[in-house]
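These notes concern the structure reproduced below.
Sequence positions, counted from 1, serve as the residue numbers for this chain. Both counts, for ligands and for their atoms, begin at 1 and track the order of listing.
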Amino acid sequence: MTGTRALSKYWMLTNDFTQNPFPVLEYVRRESPVRELSMPGGGRAWVVTRYEDAKAALADPRLSRDIHVHYRLMSERTGRTLTPPPEEANHLANLEPPRHTPLRRAISFAFTPRRAEALRPRVEEIADDLLTRLAGQPRPDLIAGYADPLPVITIAELMGVPADAWPDFLRWSTALRTHSPTESSGVLDSSIQELSGYMAELIARKEREPGEDLLSALIHADEERRLTSTEILSTGFALMTGGNDTTASLVGGVIAALLTHPAERAALLAEPGRWGKSMDELIRYVSPISNALQRVTTEPVELGGVSIPAGEVVIISVLSTNRDPHQFPNDPDRLDLDRHKPAHLGFGFGIHYCSGAHLAKVITEIGARRLFDRFPDVTLAVDPSQLRYQLSPVVRPLEALPVRL
Ligand code: HEM
């Protein structure tokens with residue numbers, strides 16, 4: 001593989017890397033597993049590529065996800081005082097204990113495995129409706145027409161967003177895809193403003209007329225569990241921004257993987273009971289997030305033998321940790337549905353472990369399964385080498401997935 005000098009200082013941010021990150025990551029994991037990366041706006045980050053180092057980093061309270069810590073660092077680097085918008089600054093994903101704890105507890109009731117299972121019939125209906133719309137098209141794109149709307153509609157419905165707003169939710173969600181917590185200039189773009197305005201109105205409506213949905217449950221919770229209106233709005237934001245693109249990237253990635261692995265696809269179709277057991281291997285193999293796992297050091301730390309000073313950005317590369325041969329010894333680059341319970345980091349690790357993991361698995365399983373059950377002869381309409389990934393600081397979605405149904 002390439003020598004060290006051949007990797008540019010922006011090595012993880014190039015289009016070549018986005019299209020095929022695995023050979024570079026294999027090299028970095030071996031030669032310099034905690035490696036510096038220059039950031040385009042100035043400053044640097046440290047990329048953690050080995051599984052064990054990543055777990056240690058995610059369990060270490062000296063590595064903070066608190067958005068205020070990130071913004072302080074950005075302020076120092078840019079010389080401008082930046083403050084996070086309230087939509088971003090008051091939800092569990094962007095805060096550390098003690099504030100993180102009650103915010104996480106407040107939504108935990110909605111994300112149990114039992115609740116996720118109960119949503120199955122509705123997710124099937126949503127998937128079927130979307131597939132019916134695609135059925136007449138000669139070369140439908142399964143990203144725009146299926147993988148993108150499926151989680152948006154499911155999560156919007158779970159939160160209690162009425163159907164007439166789903167197209168807007170899809171638009172906002174797609175626009176927010178390019179948004180990274182540490183890149184914000186503090187100026188809200190129009191999508192954040194529109195989404196925020198809509199959510200504020202919706203929350204006010206549900207205060208008066210509660211429904212059987214997650215937002216109503218948060219608004220009308222017992223006093224000791226009740227969040228402020230800003231926290232509820234911000235939590236709604238976290239679910240939208242944390243759940244839509246990630247799940248859309250996974251649905252698209254899993255379908256693409258099965259379209260290009262006919263033996264694995266046939267095995268799943270022949271034995272439907274295997275879908276559930278195979279989800280973790282599919283998630284490990286696809287790894288739908290790119291650089292979403294970011295922290296800032298609040299004290300000096302040592303990771304993988306490298307000393308990192310306080311006030312530095314650390315990025316945990318799940319794409320790399322999920323292919324680390326020390327953790328996944330049998331050919332980690334291969335999709336192996338018989339791999340025994342692969343303990344991947346696709347949903348993170350530690351106190352910020354993904355709240356929506358069960359729901360994401362249900363949506364992805366149903367999304368892929370309904371497609372292959374309904375259209376058993378579905379094939380890619382382009383050569384697999386033509387599939388392109390979008391450049392995004394957070395997720396790793398395919399640009400398009402054209403098929404013949
Ligand atoms: C395939 C789909 C998904 C992936 C790969 C994914 C991945 C992740 C990861 C890696 C984290 C940890 C972030 C960190 O430690 O920095 C996380 C946190 C989170 N995810 Fe997901 N996620 C997915 C779907 C969802 C869904 C469907 C929802 C909810 C509707 C959701 C809600 C959240 C929330 C609220 C957090 C923050 C938890 C906390 O800070 O305590 N995610 N997700």
Nearest protein heavy atom with distance in Å, relative to atom 15 (O) of ligand 1: Arg295 NH2, 2.8 Å
Within-4.5 Å side-chain heavy-atom neighbours: Val254 and Glu365: no
Identified side-chain contact (heavy atoms from CB on, under 4.5 Å) partner of Val395 from the options Asn244, Thr246, Asn291, Thr247: Thr246
Candidates Ile255, Thr379, Leu142, Val382 - the one meeting side-chain contact (heavy atoms from CB on, under 4.5 Å) with Val403: Leu142
Nearest-neighbour protein heavy atom for atom 5 (C) of ligand 1, which is reported as residue plus atom name and distance: Gly346 O, 3.4 Å
Side chain, backbone, both or neither: the part of Arg104 lying under 4.0 Å from ligand 1 by heavy atom: side chain
Closest approach of any protein heavy atom to atom 8 (C) of ligand 1, naming residue and atom: Cys354 CB, 3.6 Å
Inter-residue atom distance Ser216.OG - Arg205.CZ, 0.5 Å rounding: 10.5 Å
Sidechain-backbone polar pair: Arg120 side chain, Val362 backbone, donor-acceptor under 3.5 Å: no
Heavy-atom gap Ala238 to ligand 1 smaller than 4.0 Å: no
Residue, atom name and distance, where the atom is the protein heavy atom closest to atom 12 (C) of ligand 1: His352 O, 3.3 Å
Distance filter under 4.0 Å to Ile289 heavy atoms, resulting ligand 1 atoms: 10 (C)
Ligand 1 contact by Ile351, heavy-atom criterion under 4.0 angstrom: yes
Nearest protein heavy atom with distance in Å, relative to atom 29 (C) of ligand 1: Phe111 CE2, 3.7 Å
Derivation of the salt bridge (charged side-chain N to carboxylate O under 4.0 Å, His left out) call for Arg274 and Asp338: CA-CA 10 Å; Arg274 280 186 80 174; Asp338 291 325; 2.9 Å; yes
Ligand 1 to Gln294 polar contact by distance, N or O atoms, under 3.5 Å: no
Residue, atom name and distance, where the atom is the protein heavy atom closest to atom 1 (C) of ligand 1: Leu250 CD2, 3.4 Å
Atoms in ligand 1 flagged as close to Ala360, the criterion being non-hydrogen separation under 4.0 Å: 1 (C), 2 (C), 24 (C)
Ring centers of Tyr198, Phe169 separated by less than 6.0 Å: yes
Per-atom contacts, ligand 1 versus Gly348 - under 4.0 Å to a heavy atom: 10 (C)
Atoms in ligand 1 with a heavy atom of Pro288 nearer than 4.0 Å: 5 (C)
Top protein contact for atom 16 (O) of ligand 1, by heavy-atom distance: Arg65 NH1, 2.3 Å
Heteroatom proximity flag, His100 to ligand 1, N/O under 3.5 Å: yes
Contact atoms of ligand 1, heavy-atom distance to Leu293 under 4.0 Å: 10 (C), 14 (C), 16 (O)
Within-shell test, Met240 vs ligand 1, heavy atom, strictly < 4.0 Å: no
Candidates Arg29, Arg323, His326, Gln327 - the one meeting side-chain contact (heavy atoms from CB on, under 4.5 Å) with Tyr51: Gln327
Phe349 heavy atom under 4.0 Å from ligand 1: no
Rounded distance (nearest 0.5 Å) linking atom CD of Glu124 with atom CG of Asp373: 9.0 Å
Shortest heavy-atom approach to atom 26 (C) of ligand 1 - which of Ala110, Ala93, Gly243: Gly243
Spacing of CD belonging to Glu281 relative to CZ belonging to Arg334, to within rounding of 0.5 Å: 8.5 Å
Main-chain N/O of Ile232 paired to His91 side chain as donor or acceptor, under 3.5 Å: no
Tyr285 six-ring face occupied by Arg339 cation (under 6.0 Å, within 45°): no
Atom 32 (C) of ligand 1: nearest protein contact (heavy atom, Å): Gly356 N, 3.8 Å
Between CG on residue Asp377 and CZ on residue Arg374, distance to nearest 0.5 Å: 14.0 Å
